[in-house]
K.L.:
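Got a structure here, written out as structure tokens. Questions coming.
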Amino acid sequence: MSDTTSNTAEKLTTSDGKPLKASFAKALRRQKMRALILIAPLLLFVLISFAAPIVDMLFRSVQNEIVPETLPRTVTALESWDPASGELPDEFVFAAQRDDLIIAAERKQHTRLGSRLNYEMTGMSSLFRKTGRRVDDFGEIFTEQFEDLNGAWVEPATWVSLMASEDWIAAQTEWASADDDTVAEPAFEVSEAAKEALPRTAEIYAGFANVIQTEDEDSPTEEEPWNPVYAALYGDLIANPDAAANYSGATAELLATAAAAVPDFEATTAREEFIDADEDWGSLDVWQTLYRFKGPYTAGYYLAALDAQMTADGIEMVPEDQRIYLLLFMRTLVLSVVITFSCLILGYPIAFLLSHLPLRSANLLMILVLLPFWTSLLVRTSAWKVLLQQQGVINDILVFIGLVSDDGRLALINNATGTVIAMTHILLPFMILPLYSVMKTISPTYVRAAKSLGATDWTAFWRIYFPQTVPGIGAGAVLVFILSIGYYITPELVGGTSGIFISNRIAYHISSSLNWGLAAALGTLLLVVVLLCFVIYDKLVGIDNVKLG
């Protein structure tokens, strides 16, 4: 039997002699490839326009790279500081902050850094802006004393011979002799002797040379170093009086003379300079904030989105008078449910009528339902502002028919009531259309059969007709709820302070406060809420019961 089967399988080949199974698999692969090629443009469009922005939003909600990138030395120095000690960081941290800030100020990055940290602690923006204007003067007292000691310290060539590697000096000399403006000067390189003997001076001078070459498009051979470079040289010579041993000739002699003189210099500390520039640098809160947000990633945006904050004692809720986002999330959910329910109450009878009218009358009514789609959203919302205001059409009618007095006109605009009314009108077609498409498919014979068996009109409707419309209700409710939870224009125009949604706050942080991290965190939480509602709906109703027709 097995031999017969084996022989039969061997005989199953195509006309060109290839095994039928392999040929079939090849044809199937071709078919899948053609299908993939056909959907490739749509797939790329979805990935670029939908998936990529969501991934970018998720990344921005935890991104905090501006702090370690702008203050790399400070971040490293802060590792040795205990923020719970109750004491300010030591001089090493302040000196690192001075070196970072002078470079950041030259590159105009200190204001961006201040704005970022201002999200975490009010006043940080002005602190960095004010200090950035004065950091040029930090270390000036050392510059004057070095220059008084020997005029050679004024000369850029002295610093080049002290800091630059021999290879860079040779390359720079060749570049200068070529006198070709189209070729950039070789990137500055610090000598190993400088790194070993004068480590802090070498590091800040390298930063100075880089800024001179990249930002000012100039050469360190023609520019006098910043004042903080002199301050770093003072610190290195105090720490290593034998630094001249790494050099030879006039440079070694100059450095040895300076090393012998610096103990008698009038000195100041970086801490004193910072606190003199702004007394807030003497605040422990400022340094604890820097410590907490020194990493490239942070949960700070999500904590802020949940009205919480990270303190030295751990995560705490912000004061009650500053909690706004949880209230906005709750208001958005509640008003979205109210709007969805309002659309269902108003849309169900209209969809029922549409599905039972003669075709000609139904088409005319359908045009009226679709009419809002053909009108600008801004125009519709503006129309509601006119209708709902206290001196508007609706209040005038209510006063005219005597339902309200002239002094007791209703507040229908710039509050949650205005948001519900306007958004119910705008989103009503999204409820009617799924309901209508489902109702149109329901055979009237079911209701007639129920009535023929003795059911009343209400019983036939509630027990026979209504259950068949549940898929349409589900589709309409999901559409309206998800659309309303992310609505922006209508709450902004008619909601006032008590009728705005969380989406309005997201828009504010994107366009006004420029706190994109917090906006991304709020958007991510909103996405999570929508997905959670979707899962709950699937568990309670079943997503398979949602039908559009």
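Remember, predicted model here, so these are calculated numbers, not experimental data. Throughout, residue positions are numbered sequentially from 1 according to the sequence presented.
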K.L.:
Drop me the distance from L328's CG to D307's CG, to the nearest 0.5 angstrom.
P.N.:
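If we round to the nearest 0.5 Å, L328:CG and D307:CG are 8.5 Å apart.
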K.L.:
Relative to the ring of Y465, is the ring of F352 parallel (under 30°), tilted (30 to 60°) or perpendicular (over 60°)?
P.N.:
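The arrangement is perpendicular - the two ring planes meet at more than 60°.
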K.L.:
Ignoring hydrogens and geometry, is there a side-chain-to-backbone donor-acceptor pair from N64 to T298 under 3.5 Å?
P.N.:
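No; zero donor-acceptor contacts below 3.5 Å.
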K.L.:
Can any side-chain N or O of S484 pair as donor or acceptor with the backbone N or O of F481 at less than 3.5 Å?
P.N.:
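Judged by distance alone, yes, a pair lies under 3.5 Å.
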K.L.:
Can you check whether D100 reaches T70 side chain to side chain, under 4.5 Å on heavy atoms?
P.N.:
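Not touching, per the 4.5 Å side-chain cut-off.
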K.L.:
Grab the two heavy atoms, one from S443 and one from T445, that are nearest each other, plus how far apart they are.
P.N.:
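Taking S443 first and T445 second, the nearest heavy atoms are OG-OG1, 2.7 Å.
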K.L.:
Which of these passes side-chain hydrogen bond (donor to acceptor under 3.5 Å, both in side chains) with N210: R107, E106, E215?
P.N.:
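Option passing the side-chain hydrogen bond (donor to acceptor under 3.5 Å, both in side chains) with N210: R107.
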K.L.:
Looking at S342 and T424, what are the two nearest heavy atoms and their distance?
P.N.:
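Of all heavy-atom pairs spanning S342 and T424, the closest is CB-OG1, 3.6 Å.
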K.L.:
Could you tell me the separation between the CZ atom of R129 and the CZ atom of R134, rounded to the nearest 0.5 Å?
P.N.:
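Rounded to the nearest 0.5 Å, the CZ-CZ separation comes to 16.0 Å.
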K.L.:
Mind checking whether W458 and W462 have parallel, tilted or perpendicular rings, split at 30° and 60°?
P.N.:
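Rings of W458 and W462: parallel, as their planes differ by under 30°.
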K.L.:
The test is ring-ring contact (aromatic ring centres under 6.0 Å, His included); show your working for W281 and F128 and say whether it passes.
P.N.:
CA-CA 10 Å; W281 287 112; F128 274 90; 5.4 Å; yes
K.L.:
Under the side chain to side chain contact (heavy atoms under 4.5 Å, CB included) test, which residues partner L493, sequence neighbours left out?
P.N.:
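Scan of L493 (side chain to side chain contact (heavy atoms under 4.5 Å, CB included), adjacent residues dropped) gives L378, T381, K385, I489.
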K.L.:
Verify side-chain hydrogen bond (donor to acceptor under 3.5 Å, both in side chains) between Y302 and S61, making sure each step is shown before the conclusion.
P.N.:
CA-CA 7 Å; Y302 283 100; S61 65; 2.6 Å; yes
K.L.:
Whether the side chain of S23 engages the backbone of L20 through a donor-acceptor N/O pair (distance < 3.5 Å, no angle test) should be reported.
P.N.:
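Side chain of S23 to backbone of L20, a donor-acceptor pair under 3.5 Å: no, none is there.
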K.L.:
What I'd like to find out is whether the side chain of I339 reaches to under 4.5 Å of the side chain of Y487, using heavy atoms alone.
P.N.:
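Side chain of I339 against side chain of Y487, heavy atoms only: no contact under 4.5 Å found.
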K.L.:
State whether the side chain of T469 and the backbone N or O of G472 hold a donor-acceptor pair below 3.5 Å, judged by distance alone.
P.N.:
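Here the side-chain-to-backbone pair does not exist.
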K.L.:
If you define the side chain from C-beta out and look only at heavy atoms, does anything of M431 sit under 4.5 Å from T340?
P.N.:
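A side-chain contact under 4.5 Å exists here.
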K.L.:
Would you name the heavy atoms of P349 and L344 that are closest together and state the gap between them?
P.N.:
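The pair with the smallest heavy-atom distance is CD-O, 4.4 Å.
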K.L.:
Mark yes or no for whether D280, through its side chain, and V286, through its backbone, hold a donor-acceptor pair below 3.5 Å.
P.N.:
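No, D280 side chain to V286 backbone: no donor-acceptor pair under 3.5 Å.
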K.L.:
How far apart are the closest heavy atoms of S498 and A416, and which atoms are they?
P.N.:
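Shortest heavy-atom contact: OG-N, 3.7 Å.
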K.L.:
Is the side chain of D278 donor-acceptor paired with the backbone N or O of T131 at a distance under 3.5 Å, no angle test?
P.N.:
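No; judged by distance alone, with no hydrogens or angles, the pair does not exist.
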K.L.:
So, taking the atom named OG1 in T74 and the one named CG in L101, what distance separates them when rounded to the nearest 0.5 Å?
P.N.:
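Spacing of OG1 (T74) from CG (L101) equals 8.0 Å.
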K.L.:
If I take atom CG from residue L518 and atom OH from residue Y325, how far apart are they, to the nearest 0.5 angstrom?
P.N.:
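So the CG of L518 and the OH of Y325 are separated by 4.5 Å.
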K.L.:
How close do A305 and L522 get, heavy atom to heavy atom, and via which atoms?
P.N.:
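Residues A305 and L522, closest heavy atoms: CB-CD2, 3.5 Å.
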K.L.:
Which atom names give the shortest non-hydrogen contact between P471 and P467, and what distance separates them?
P.N.:
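In this case the closest contact between P471 and P467 is CD-O, 4.0 Å.
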K.L.:
Report yes if some heavy atom in the side chain of M124 is under 4.5 Å from a heavy atom in the side chain of Y119; otherwise report no.
P.N.:
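The answer is no; the side chains never approach within 4.5 Å.
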K.L.:
Test: salt bridge (charged side-chain N to carboxylate O under 4.0 Å, His left out). Region: residues 290-299. Which pairs qualify, not counting sequence neighbours?
P.N.:
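Counting only pairs at least two positions apart or across chains, the salt bridge (charged side-chain N to carboxylate O under 4.0 Å, His left out) contacts touching residues 290-299 are E79-K294.
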K.L.:
When you look at CZ of R463, are more than 12 heavy atoms from neighbouring residues, nucleotides or ligands closer to it than 6.0 Å?
P.N.:
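Incorrect, the count does not exceed 12.
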K.L.:
Would T524 and Y301 count as having a side-chain donor-acceptor pair, cut-off 3.5 Å?
P.N.:
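Side chains of T524 and Y301: no pair found under 3.5 Å.
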K.L.:
In a check of side-chain contact (heavy atoms from CB on, under 4.5 Å) between L354 and each of L368, L435, I432, L433, which one passes?
P.N.:
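Answer after filtering L368, L435, I432, L433: I432.
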K.L.:
Hey, are the side chains of Y508 and S513 touching, using non-hydrogen atoms and a 4.5 Å cut-off?
P.N.:
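The answer is yes; the side chains approach within 4.5 Å.
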K.L.:
Taking N515 for the side chain and H509 for the main chain, is one N or O donor matched with an acceptor at less than 3.5 Å?
P.N.:
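Looks like no, no N/O pair under 3.5 Å.
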K.L.:
Would you confirm whether T332, through its side chain, and I502, through its main-chain N or O, come within 3.5 Å as a donor-acceptor pair?
P.N.:
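A pair under 3.5 Å: yes.
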K.L.:
Could you grab the distance from atom OH of Y488 to atom CD1 of I506, nearest 0.5 Å is fine?
P.N.:
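Going from OH on Y488 over to CD1 on I506, the span is 11.5 Å.
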K.L.:
Does a side-chain heavy-atom distance below 4.5 Å link W374 with I367?
P.N.:
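A side-chain contact under 4.5 Å exists here.
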K.L.:
Between L388 and N414, does the side-chain contact (heavy atoms from CB on, under 4.5 Å) criterion hold? Intermediate values first, please.
P.N.:
CA-CA 9 Å; L388 295 176; N414 297 327; over 6 Å; no
K.L.:
More than 12 heavy atoms of other residues, nucleotides or ligands under 6.0 Å from CD of Q322: yes or no?
P.N.:
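Correct, the count exceeds 12.
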K.L.:
Would you please test S115 and L514 for side-chain contact (heavy atoms from CB on, under 4.5 Å) and show each step?
P.N.:
CA-CA 9 Å; S115 299; L514 302 182; over 6 Å; no
K.L.:
So do T490 and L377 actually touch side chain to side chain, heavy atoms under 4.5 Å?
P.N.:
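Yes, their side chains come closer than 4.5 Å.
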K.L.:
Q97 vs L71, test: side-chain contact (heavy atoms from CB on, under 4.5 Å). Steps then yes/no.
P.N.:
CA-CA 7 Å; Q97 173 89 331; L71 304 175; 3.8 Å; yes
K.L.:
Is any side-chain heavy atom of I510 less than 4.5 Å from a side-chain heavy atom of W516?
P.N.:
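Yes, close enough: below the 4.5 Å cut-off.
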K.L.:
In Å, rounded to the nearest 0.5 Å, how long is the span from CD1 of I350 to CG of L365?
P.N.:
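If we round to the nearest 0.5 Å, I350:CD1 and L365:CG are 7.0 Å apart.
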K.L.:
Checking L398 against R409 for the side-chain contact (heavy atoms from CB on, under 4.5 Å) test, could you report, in this order, the C-alpha distance in whole Å, the side-chain angles of both residues, the deciding distance, and whether it holds?
P.N.:
CA-CA 8 Å; L398 294 176; R409 288 172 176 262; over 6 Å; no
K.L.:
Does any N or O in the side chain of E120 come within less than 3.5 Å of the main-chain N or O of R116, such that one atom is a donor and the other an acceptor?
P.N.:
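Such a contact is absent between E120 side chain and R116 backbone.
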K.L.:
For Q390 and N395, test the side chains for any donor-to-acceptor distance below 3.5 angstrom and give the result as yes or no.
P.N.:
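No pair is found: no donor N or O on one side chain lies under 3.5 Å from an acceptor on the other.
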K.L.:
Is the number of heavy atoms from other residues, nucleotides or ligands within 6.0 Å of CZ (F24) greater than 12?
P.N.:
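Open: at most 12 neighbouring heavy atoms sit under 6.0 Å from CZ of F24.
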K.L.:
Once salt bridge (charged side-chain N to carboxylate O under 4.0 Å, His left out) is applied, what residue pairs with a partner in residues 427-456 remain, sequence neighbours excluded?
P.N.:
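Residue pairs with at least one partner in residues 427-456: K451-D457.
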K.L.:
Looking at M330, I'd like to know if its CE atom is crowded, meaning that more than 12 non-hydrogen atoms belonging to other residues, nucleotides or ligands lie closer than 6.0 Å.
P.N.:
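Open.
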K.L.:
Take atom CH2 in W81; do more than 12 heavy atoms of anything else shown fall under 6.0 Å from it?
P.N.:
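Atom CH2 in W81 is crowded, with more than 12 foreign heavy atoms closer than 6.0 Å.
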K.L.:
Would you check if the side chain of R331 reaches a backbone N or O of I500 as a donor-acceptor pair within less than 3.5 Å?
P.N.:
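Yes, R331 side chain to I500 backbone: donor-acceptor pair under 3.5 Å.
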